[in-house]
Amino acid sequence: MEVIRSTQVERRRAARAAIVMSALGILILVMLVISLNTGYIRLAPFDVWKTLIGAGTDKQELILFDFRLPRIVISVLVGAGLAVSGCILQGLARNALAEPGILGINSGAGLMVILFVSFYPTNAAAPVFLLPLLALVGAGLTAALIYGLAFKKHEGLSPTRLVLTGIAVAAGINAAMIVLTIRLDPNRFQFVATWLAGNIWGTDWDFVLALLPWLVVLLPFVFRKANVLNVLNLGELTAAGLGVLMEKERRYLLAAAVGLVASCIAVSGGITFVGLIAPHLARQLVGPKHQFLLPASALTGGLLLITADTLGRWILQPSEIPTGIVVAVVGAPYFLYLLAKSKA
Amino acid sequence: MNSHTGHVIQAEPSVPKLRTRPVAASIVLLGGFIAVVLGLATSISVGAADISLLTVWQALFHFNPDLTQHQIIQELRLPRALAAAMVGACFAVAGAIMQGMTRNPLADSGLLGLNAGARCMLALCFAFFPGLPYLYLILYSFLGAALGAALVYGIGSLSQNGLTPVRLTLAGAAVSALLVALSEGIAIYFQVGQDLAFWVAGGVAGTKWFQLNAMFPWVAGALIGALLLSRSITMLSLGDEVATGLGQRTRWVKLAAAIVVLVLAGAAVSAVGSIGFVGLLIPHVARFLVGVDYRWIIPCSAVLGSLLMILADIGARMINPPFETPIGALIALIGVPFFLYLVRKERREL
């Protein structure tokens with residue numbers, strides 16, 4: 001009797017998750033059209049459509065295919081990557097407030113990028129494919145540092161200590177970044193400043209190509225590990241009892257989360273809070289089961305970032321607000337709301 | 001965990017039997033004061049143009065306006081050194097009061113959103129009222145600090161288990177992120193970015209006499225207020241019940257202390273930008289040296305905070321001349337490891 005009911009619940013949840021995810025997908029498409037339509041040069045929806053099917057003017061094609069579309073695609077991809085990464089971290093730390101930005105992993109990636117920009121010999125654009133790699137190194141080192149500092153021999157990894165350590169490490173790295181940025185010449189300073197504020201600056205197809213492989217490899221890997229996260233959620237003792245090789249699985253997942261953050265951050269700059277908000281919203285929509293939660297987070301994150309990016313371009317026309325700022329202004333209050341609500 | 005008060009840290013046993021070391025405290029105060037004076041002298045004599053201590057002495061007490069060196073000392077070096085001393089005392093005493101009042105070992109104006117609030121308000125001022133007189137900038141800076149603090153405390157205390165240090169730190173991080181994002185948005189839109197960036201990095205390099213003059217009454221008043229409140233803060237640091245039991249009207253004390261903290265942090269941020277971790281670090285050092293009585297902790301924090309800032313400012317000039325290393329970054333280099341040490345040391349869950 002119990003078993004039957006629980007399978008029924010399962011099935012209903014799966015159906016609900018399917019509906020939610022399709023709805024999110026459709027919303028992303030809608031936002032995509034709106035976003036294509038928004039910007040300094042406005043294009044009527046009909047013109048957008050005409051251009052998309054190949055009947056637009058040269059100018060329209062240039063605007064859409066070479067400027068707007070890659071940026072939009074990147075913002076969706078970055079949103080998805082950051083959201084999934086946040087979802088993993090929340091599962092690993094068993095702390096609903098874990099987030100790559102708050103934990104300082106973003107800053108580590110950022111520091112590497114700034115180091116590179118500072119010492120790269122020319123003012124020309126840096127090789128696109130190198131930046132994600134460097135960011136990965138920075139994020140990885142930072143994650144390892146935070147992990148090492150928060151880890152205590154007999155007590156293991158306490159979620160609170162992890163969060164506090166992350167905040168401190170982020171503060172330290174930010175200080176180092178300030179030292180570096182102040183010495184930059186004005187050109188590079190401008191680049192770094194907007195990058196730090198979280199602007200989607202990788203706005204051509206090369207960046208999409210640089211980002212895509214990471215997501216194509218890491219996202220399926222993480223989705224396959226959904227069950228591990230479910231088990232981890234039950235708590236340390238249960239997980240150990242169920243025979244999951246806890247430490248090993250944890251490290252794999254942590255590595256995947258770091259890889260996702262790093263590759264996204266390299267093209268998007270310091271965008272925080274997506275990794276926090278998206279999984280929370282997704283959890284409310286599809287429940288705690290990671291098989292549904294992870295993909296739903298990815299979609300929510302994509303939707304969130306494409307919306308923020310569009311808003312950033314639209315609010316104060318003709319100037320643009322970096323996406324990261326829009327996200328922070330929306331995300332921080334939500335974070336605070338969660339904090340006020342939580343019991344931890 | 002003490003479920004009555006909602007505070008997790010039980011700093012001391014509930015019986016007010018205080019560990020104080022008046023002798024040690026006097027030594028710290030006196031030694032610290034001498035060190036500050038020496039530090040000031042050193043700070044004035046080192047820099048792009050090295051000036052001998054004798055010349056410093058003459059410039060201060062037998063000022064001759066025709067000599068360039070005397071001019072440099074009076075117009076550039078002296079205000080800079082004094083600003084460092086004053087600001088260091090401000091951040092340190094603000095931190096000491098916050099730590100005592102909230103019994104939160106991680107309290108610091110930088111971590112709890114005060115600095116970010118003041119910064120956001122200043123960004124608004126730069127954008128909308130360029131050329132606002134400094135006196136008003138200070139006032140807005142107080143307001144900003146109050147805004148940041150109110151947000152952090154308000155949100156931190158909304159929840160069921162009250163203000164644990166972790167919750168407060170998280171709320172501080174989020175509020176800071178929000179306010180910093182807002183100031184950056186404002187800065188980018190109104191193109192005051194470079195002004196703000198240099199100012200945010202924190203530094204006493206450009207301090208002028210008029211700033212010092214404008215700051216001084218506020219800072220002096222707040223420091224005296226802090227000393228007057230020090231006894232009550234000692235009682236608060238034993239817990240609200242103890243304080244009430246000892247006949248203290250905790251609400252008024254807390255209000256007065258909050259105002260003192262806002263003035264101190266606001267004035268300091270308006271002068272040199274957001275410098276974190278002084279307020280975290282110094283009170284711990286002071287407590288370690290002189291015990292748990294805030295009548296000693298507060299003056300010692302003031303002196304030690306001054307000393308730290310003066311030394312950091314000298315370091316900022318010496319490390320990579322002729323460039324100035326941002327002083328906030330230097331202090332973070334000491335402050336971050338110390339914060340990590342505190343987090344690790346705490347045996348109970350913070």
Side-chain angles (χ1 to χ4, degrees), chain A residues 97 101-102 149-150 152 155 158-161 163-183 186 189-190 193-194 196-199 272-273 276 312 316 319-322 324-329 331-344, chain B residues 106 110-111 151-152 154-161 164-167 169-182 184-185 187-189 191 193-194 197-198 200-202 276-277 320 323-326 328-333 335-340 342-344 346-347 349-350:
Chain A
L97 300 171
I102 296 275
L149 287 171
K152 265 189 175 176
E155 298 166 39
S158 108
T160 10
R161 209 160 43 229
V163 170
L164 289 174
T165 307
I167 289 176
V169 168
I173 293 177
N174 287 334
M177 287 207 263
I178 286 173
V179 176
L180 287 170
T181 45
I182 277 204
R183 292 208 194 134
F189 175 84
Q190 196 53 41
T194 35
L196 283 178
N199 210 357
T272 43
F273 289 112
L276 175 91
L316 291 178
S319 55
E320 293 186 1
I321 308 178
I325 291 178
V326 180
V327 176
V329 170
Y334 187 70
F335 178 88
L336 292 168
Y337 162 74
L338 288 175
L339 184 71
K341 225 181 54 173
S342 77
K343 288 180 190 162
Chain B
L106 301 179
L111 292 168
L151 278 174
V152 171
I155 287 147
S157 54
L158 271 179
S159 51
Q160 297 155 347
N161 290 349
T164 64
V166 176
R167 187 181 298 285
T169 314
L170 275 174
V175 166
S176 296
L178 172 66
L179 292 172
V180 167
L182 283 176
E184 243 151 50
I188 289 178
Y189 183 65
Q191 290 166 356
Q194 286 243 315
F198 277 91
V200 161
F277 293 108
N320 186 25
F323 296 105
E324 302 241 352
T325 311
L330 268 187
I331 288 184
L333 276 184
V336 168
F338 186 76
F339 181 91
L340 290 171
L342 284 181
V343 169
R344 273 186 83 84
E346 206 57 50
R347 237 175 283 130
E349 275 295 293
L350 276 170

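Note on naming: letters A, B, ... go to the chains in the order of the sequence lines (proteins, then strands), and numbering restarts at 1 for each one.
The minimum heavy-atom distance linking B:A173 with A:I167 is given by the pair CB-CD1, 4.0 Å. In plain terms, the two heavy atoms of A:V329 and B:L178 that are nearest each other are CA-CD1, 3.6 Å. Among all heavy-atom pairs drawn from B:F339 and A:A168, the shortest one is CD2-CB, 3.1 Å.
Side chains of B:V336 and A:V169 form no contact here, defined as non-hydrogen atoms less than 4.5 Å apart.
Ranked by heavy-atom pairs under 4.5 Å with chain A, the list B:G335, B:A181, B:P337, B:A332 is led by B:A181.
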